[in-house]
Amino acid sequence: MADPTCHRALRRFWFMLSAGPGIGVTAASEAEARELAEATRARFAPEAVITGVTPDVDVSTLDAAHVVPNAGPVVVRGVWFPRLSL
């Protein structure tokens with residue numbers, strides 16, 4: 001039988017960048033999300049820095065012309081914008 005304490009609720013985070021639209025991550029904690037966002041930033045926007053974070057972001061409030069239609073699934077752990085895994 002699975003240990004119920006192993007399941008952690010996932011949260012959506014939006015990391016603002018000094019250049020570019022930002023990075024969207026779903027993770028169990030802000031620390032975990034920041035680690036994923038930093039790795040993505042270093043790979044795709046090395047000149048940018050993370051300038052802030054919005055925990056529990058409502059995805060529908062993000063850029064409707066670019067971010068929302070190009071986001072990956074936000075209900076699974078990982079980076080959903082930019083869409084890296086699909």
Show me the donor-acceptor pairs, under 3.5 Å and distance only, between side chains in residues 26-33 and residues at least two apart or in other chains.
{"from": "Thr26", "atom 1": "OG1", "to": "Val74", "atom 2": "O", "distance (Å)": "2.7"}
{"from": "Thr26", "atom 1": "OG1", "to": "Trp80", "atom 2": "NE1", "distance (Å)": "3.0"}
{"from": "Ser29", "atom 1": "OG", "to": "Glu32", "atom 2": "N", "distance (Å)": "3.1"}
{"from": "Glu32", "atom 1": "OE1", "to": "Ala28", "atom 2": "N", "distance (Å)": "2.7"}
{"from": "Glu32", "atom 1": "OE2", "to": "Arg77", "atom 2": "NE", "distance (Å)": "2.5"}
{"from": "Glu32", "atom 1": "OE2", "to": "Arg77", "atom 2": "NH2", "distance (Å)": "3.1"}

Are [X] and [Y] in one and the same hydrophobic cluster, where Ile, Leu, Val, Met, Phe, Trp and Tyr link if side-chain heavy atoms are under 4.5 Å apart?
X: Val25; Y: Ile50; value: yes
X: Val57; Y: Val67; value: yes
X: Phe13; Y: Val76; value: no
X: Val79; Y: Val68; value: no
X: Met16; Y: Leu62; value: yes

Could you tell me which non-hydrogen atom of [X] sits nearest to which non-hydrogen atom of [Y], and how far apart they are?
X: Pro69; Y: Ala64; result: CD-O, 3.2 Å
X: Ala19; Y: Ala48; result: O-CB, 3.8 Å
X: Asp63; Y: Ala65; result: OD1-N, 2.9 Å

Contact list for residues 37-55, test salt bridge (charged side-chain N to carboxylate O under 4.0 Å, His left out), sequence neighbours left out: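 Of all non-adjacent pairs touching residues 37-55, those that pass salt bridge (charged side-chain N to carboxylate O under 4.0 Å, His left out) are Glu38-Arg41.
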side-chain contact (heavy atoms from CB on, under 4.5 Å) assessment of Ile23 paired with Leu17: CA-CA 8 Å; Ile23 299 171; Leu17 297 177; 4.1 Å; yes
Point-to-point distance, once rounded to the nearest 0.5 Å, from CH2 of Trp14 to CG of Asp58: 12.5 Å
Donor-acceptor pair, distance only, cut-off 3.5 Å: does the side chain of Ser18 make one with the backbone of Val49?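 The answer is yes, because a donor-acceptor pair under 3.5 Å joins these two groups.
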Determine the interplanar angle of the Phe81 and His66 rings, folded into 0 to 90°, and report it as parallel if under 30°, tilted if 30 to 60°, perpendicular if over 60°.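 Aromatic pair Phe81/His66 classed perpendicular.
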